[in-house]
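For reference, the structure is listed below as structure tokens.
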Amino acid sequence: MKKLQNFMICGLTGWCMEILFTSTGSIWKHDKRLMGQTSLWMFPIYGMASVIAPVSRHLTSCPTLLRGAIYSIGIFTGEYVSGSFLKKHKMCPWDYSKAKANIHGIIRLDYAPLWMFAGLAFEKILAVADHH
């Protein structure tokens, strides 16, 4: 039951983070509506971040930057695998092919700091959930 709970927490948190992130793009476009967006496909992808809970237990003595780098690599891997599958079936909700630091239009290496932050955020959220 705890694994399902963590999956749901990560899926919902990821959706919220993505909506907040995509809505900030409206600021640069001077769009005062601040519209954000996501996809139903993203829920299970973000839900997979629930694997951070057991991984983080083994990383507690590691420096924050190292933990963030490990999470970033894990998120890149999940994003690449899921994005490749979705792209193959013409269902991928993102396309980074116009970004300079992209790999096959599926991941953006310049997002590494964002994924580090997201991984550390999931780590804290899941730690709080485990104590309730």
Side-chain angles (χ1 to χ4, degrees):
M1 185 57 100
K2 190 59 141 174
K3 289 180 183 181
L4 177 60
Q5 178 184 345
N6 285 350
F7 184 86
M8 299 298 286
I9 288 169
C10 289
L12 291 171
T13 301
W15 262 351
C16 291
M17 289 169 57
E18 182 169 10
I19 290 168
L20 289 171
F21 180 76
T22 57
S23 69
T24 60
S26 299
I27 295 170
W28 315 127
K29 299 174 188 171
H30 304 289
D31 182 352
K32 294 178 184 176
R33 297 174 302 156
L34 300 178
M35 300 293 292
Q37 65 182 24
T38 190
S39 164
L40 288 175
W41 294 119
M42 298 310 295
F43 185 85
I45 293 169
Y46 287 124
M48 289 187 301
S50 60
V51 303
I52 287 174
V55 170
S56 69
R57 290 183 198 108
H58 297 289
L59 301 176
T60 54
S61 63
C62 295
T64 302
L65 191 58
L66 178 58
R67 290 193 329 269
I70 291 168
Y71 298 146
S72 185
I73 291 166
I75 291 169
F76 274 139
T77 302
E79 183 179 32
Y80 189 82
V81 169
S82 60
S84 295
F85 174 82
L86 291 170
K87 192 173 184 178
K88 180 179 177 183
H89 297 285
K90 299 181 181 9
M91 301 184 303
C92 193
W94 70 90
D95 180 7
Y96 298 140
S97 58
K98 293 181 183 175
K100 288 182 182 177
N102 83 82
I103 297 178
H104 303 125
I106 299 170
I107 62 172
R108 287 183 59 164
L109 297 177
D110 57 326
Y111 278 5
L114 297 172
W115 293 139
M116 290 174 80
F117 171 79
L120 292 167
F122 280 120
E123 174 187 75
K124 295 299 180 202
I125 290 165
L126 292 169
V128 169
D130 279 345
H131 288 100
H132 284 86

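Being a predicted model, the structure only gives us computed values, none of them experimental.
With contacts defined as side-chain heavy-atom distances shorter than 4.5 Å, the pair Pro44/Phe7 qualifies.
Ring pair Trp15/Phe43 is tilted by interplanar angle, where 30° to 60° counts as tilted.
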Show which side-chain atoms of residues 105-122 pair as donor or acceptor with protein atoms under 3.5 Å away, not counting sequence neighbours.
unit_1 : atom_1 : unit_2 : atom_2 : d
Arg108 : NE     : Asp110 : OD1    : 3.0
Arg108 : NH1    : Tyr111 : OH     : 3.2
Arg108 : NH2    : Asp110 : OD2    : 2.6
Trp115 : NE1    : Glu79  : OE1    : 3.4

- Chi angles and distances behind the side chain to side chain contact (heavy atoms under 4.5 Å, CB included) call for Leu59, Tyr71: CA-CA 10 Å; Leu59 301 176; Tyr71 298 146; 4.0 Å; yes

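Going from atom CE of Met35 over to atom CD1 of Ile19 covers 10.0 Å, rounded to the nearest 0.5 Å. Summarising the geometry, atom NZ belonging to Lys29 is positioned 11.5 Å from atom CG belonging to Leu34; distances are rounded to the nearest 0.5 Å. From Thr60, atom OG1 reaches atom CD of Glu123 across 9.0 Å, with rounding to the nearest 0.5 Å. Atom CZ of residue Arg67 and atom OG of residue Ser72 lie 14.0 Å apart, to the nearest 0.5 angstrom.
Looking at every heavy atom in both residues, Ala129 comes nearest to Lys2 through O-NZ, 2.8 Å. When all heavy atoms of Asp95 and Ser97 are compared, the pair lying nearest together is OD1-OG, 2.8 Å. Of all non-hydrogen atoms in Leu126 and Ala53, the two that sit nearest each other are CD1-N, 3.7 Å. The shortest non-hydrogen separation linking Trp94 to Ser82 is CH2-OG, 4.1 Å.
Within the structure, side-chain hydrogen bond (donor to acceptor under 3.5 Å, both in side chains) contacts touching residues 31-42 (residues at least two apart or in different chains) are Glu18-Thr38, Asp31-Arg33.
Ile70 and Phe76 fall into different hydrophobic clusters, defined by Ile, Leu, Val, Met, Phe, Trp and Tyr side-chain heavy atoms under 4.5 Å apart, directly or through other members.
Few gaps surround CD1 on Ile27; more than 12 heavy atoms of other groups in view lie less than 6.0 Å from it.
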